[in-house]
Amino acid sequence: MKFQASKGTSDVLPGESPDWQYVESVIRRQAERFGFKEIRTPIFEETALFVKGTGDTTDIVQKEMYTFTDKGNRSITLRPEGTPPVVRALLEHNLLKEIPLAKVYYLAPMFRYERPQAGRMRQHTQFGAEIVGSAAPQADVEVIALLFFTLQELGLAGLKLRLNTLGCPKCRPQYREKLVEYLKPKLSDLCEFCNERFSRNPLRVLDCKIDQHKFDDAPEMDQFLCPECKGHFQSVQNDLKTIGIPFALDKKLVRGLDYYTRTAFEVVSEHLGAQDALGGGGRYDGLVEELGGDPTPGVGFGSGLERYLLAMKNQGVKFPEVKRTDYFIATLGNEAKARGMEICTRLRLKGCLCEQELLDRSLKAQVREANRLNARYVIILGEDEIKKGVATIKDMDGHSQTEVPLGELVEKILGTAKQ
Ligand code: HAM
C-alpha cells in the first residue's frame, strides 16, 4: 500500500525549504523591527475556546474545525486560527496585568476542513500579529503596516489594501436591523450560502462571492456609525496616508469572523487566483472580555504563507541563492575514508559547509556529485594521494588543482598555516 499526504496538505521538500526559510527570516526580521515578540501556543486547544472566540455563527466553527474527543473525553480542536489562543495565553499567564499592552506575532500551522484549491489548504501556515491592550487607531495602522511592508520587503508588487469599518456594539445593531429589512425580500433570489448566512450573520451576506453584485443599493454602515467609530476610522485613514500605504475603501468587506469591531482589512494580490487574500484582520475590542478577561481592546491580522510563496512564484520574484557547499571530500578506500571523515569533521567544526562521500562511488562520480552540489572545492583522497601522504584540492570555479600534504591540509584551508 502506498501512502499519500492527506488531501489539502502538502510536504515542503528539501528543495523548497530554503524558500520557506527565506520568507520566515524576512517575517521575523520585520516583526522584530516593529517591536513584536514571538508567541508559540499549542497546536490544539479546548474546542470551546474557538466556539466562543471565533464565534459559533462562523463558517470556521460551523463547518471547518478538526474536532475530536481525546482519551480523557475532552473535546479538542486543531487550531483553525491564531487569535483566540493568543488571547487565552495572555490571560492565562496574566501578561496584561503589569503592562497592559502586548505585541505578539506567530508563525504557525492552522487547520481548516475546507475544499482544497490553489491557495486553500486544510493545513496552512499563518504569520499573524496581535496588539492587545491598545484602542488607539495607531495600533490598527501598526498591524496593517507590518503586514503590508513585510509583503513589500518580500518583493511582492500589485498589492491592494481593502479597508472597512464594522462599527461597534453601540452603532452596529441599528445597521444590522436596516440590512435585515433590505435583504429579507431578496432572499428567494439569493444563493443558498446567502440564505444560510442571513440567519447566522446577515452582515456576511454582503461578502458573498456569487451574489455580491446584487447589493449595490444596500444600506451602508457609514450612515449608522457613532461619532467615536467615525473618528477612529478617519484617523486610521489619515495615518495610512501619512505613511504612504495606499488603500481602497470597500464597504462590502465584512470578514468571516464574529469578533470584529471597527476596522476590518484585507491585503490582496493581483498575482493570485480566486483565493487572493494574502492576509486579513481587524479590531476585536470585545474578544478579551468574551474569553473571561477585563474589557481590553485588540487588533491584529493573519496571513497565509502558502499564498505568499504562490504569489512570489507567479510574479517571478528571485529567491536568494542556496548557500553553496564549501568542500566535498572525495575518497577511495578505507584509509582515505577515515582521513576524510577526520578532515570533514574538523572543517565542519570550524564552520565550513562540508560533505563527504557516503555512497562508495568512483572518484569521477564523486566529482560529478560535487559539481551537482555546486561545491567550491573538492578535496580528493584517492589511493595515490594516500600513498603520497597528500590531498588534491580541486578548485571547481578556477578548474586548477594543487597537492597539499595531509598534515597541513586543514590549517592551510583555514588560512592558519605557519609561514
Ligand atoms: P482569516 O482571514 O481567516 O483570519 O485568515 C487569515 C489569512 O490566512 C487569510 O487571509 C489567508 O491568507 C490565510 N488562510 C486562511 N485560510 C486558509 C486556507 N485554508 N489555506 C491557505 N491560507 C489560508 C484569521 O485567521 C484571523 N485570526 C486574523 C486576525 C488576527 N484577525 C485579528 N487578528
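Each ligand, and each atom within it, is numbered from 1 in the order the structure gives. The shown structure was predicted, so the numbers you read here are calculated from the model rather than taken from an experiment. We number each residue from 1, following the sequence as shown.
- Partner of Asp59 under the salt bridge (Lys or Arg N to Asp or Glu O under 4.0 Å) criterion, chosen from Arg200, Arg255, Arg112: Arg200.
- Considering only non-hydrogen atoms, atom 18 (C) of ligand 1 lies nearest to His124 out of Gln123, Glu266, His124, Arg115.
- Using modelled atom types, one finds a donor on one side chain and an acceptor on the other under 3.5 Å when comparing Tyr259 with Thr83.
- In terms of polar-atom proximity, defined here as any N/O pair under 3.5 Å, Ala277 does make such a contact with ligand 1.
- Atoms of ligand 1 lying under 4.0 Å from at least one heavy atom of Gly304, given by number and element, are 8 (O), 11 (C), 12 (O), 13 (C).
- Contact check for Leu147 versus Phe265: side-chain heavy atoms found under the 4.5 Å cut-off.
- The distance criterion of under 3.5 Å between nitrogen or oxygen atoms is not met by Glu306 with respect to ligand 1.
- Of the N or O atoms in Glu114, one or more lie within a sub-3.5 Å distance of an N or O in ligand 1.
- Considering Val61, Thr47, Leu291 in turn, Leu291 is the only one that fulfils the side-chain contact (heavy atoms from CB on, under 4.5 Å) rule with Lys52.
- Contact annotation for Tyr259 and ligand 1: only side-chain heavy atoms (C-beta onward) come within less than 4.0 Å of the ligand.
- Between Glu81 and ligand 1, at least one N/O pair is under 3.5 Å apart.
- Using modelled atom types, no side-chain atom of Glu45 and backbone atom of Arg79 make a donor-acceptor pair closer than 3.5 Å.
- Which parts of ligand 1 touch Tyr284 is read off a 4.0 Å heavy-atom cut-off, strictly below it: atoms 32 (C), 33 (N).
- Distances shorter than 4.0 angstrom do not occur between any heavy atom of Gln275 and any atom of ligand 1.
- Every atom of ligand 1 with a heavy atom of Phe301 under 4.0 Å away is listed here by number and element: 28 (C), 29 (C), 30 (C), 32 (C), 33 (N).
- Under the 30°/60° scheme for interplanar angles, the aromatic rings of Phe224 and Tyr175 are found to be tilted.
- Taking a cut-off of under 4.0 Å to the non-hydrogen atoms of Leu257, the atoms of ligand 1 that pass are 4 (O), 24 (C), 26 (C).
- Considering backbone and side-chain atoms alike, Leu278 places an N or O below 3.5 Å from some N or O of ligand 1.
- Ligand 1 does not have Gly128 within reach: every non-hydrogen atom of the residue lies 4.0 Å or more from it.
- No part of Arg122 comes within 4.0 Å of ligand 1, judged by heavy-atom distances.
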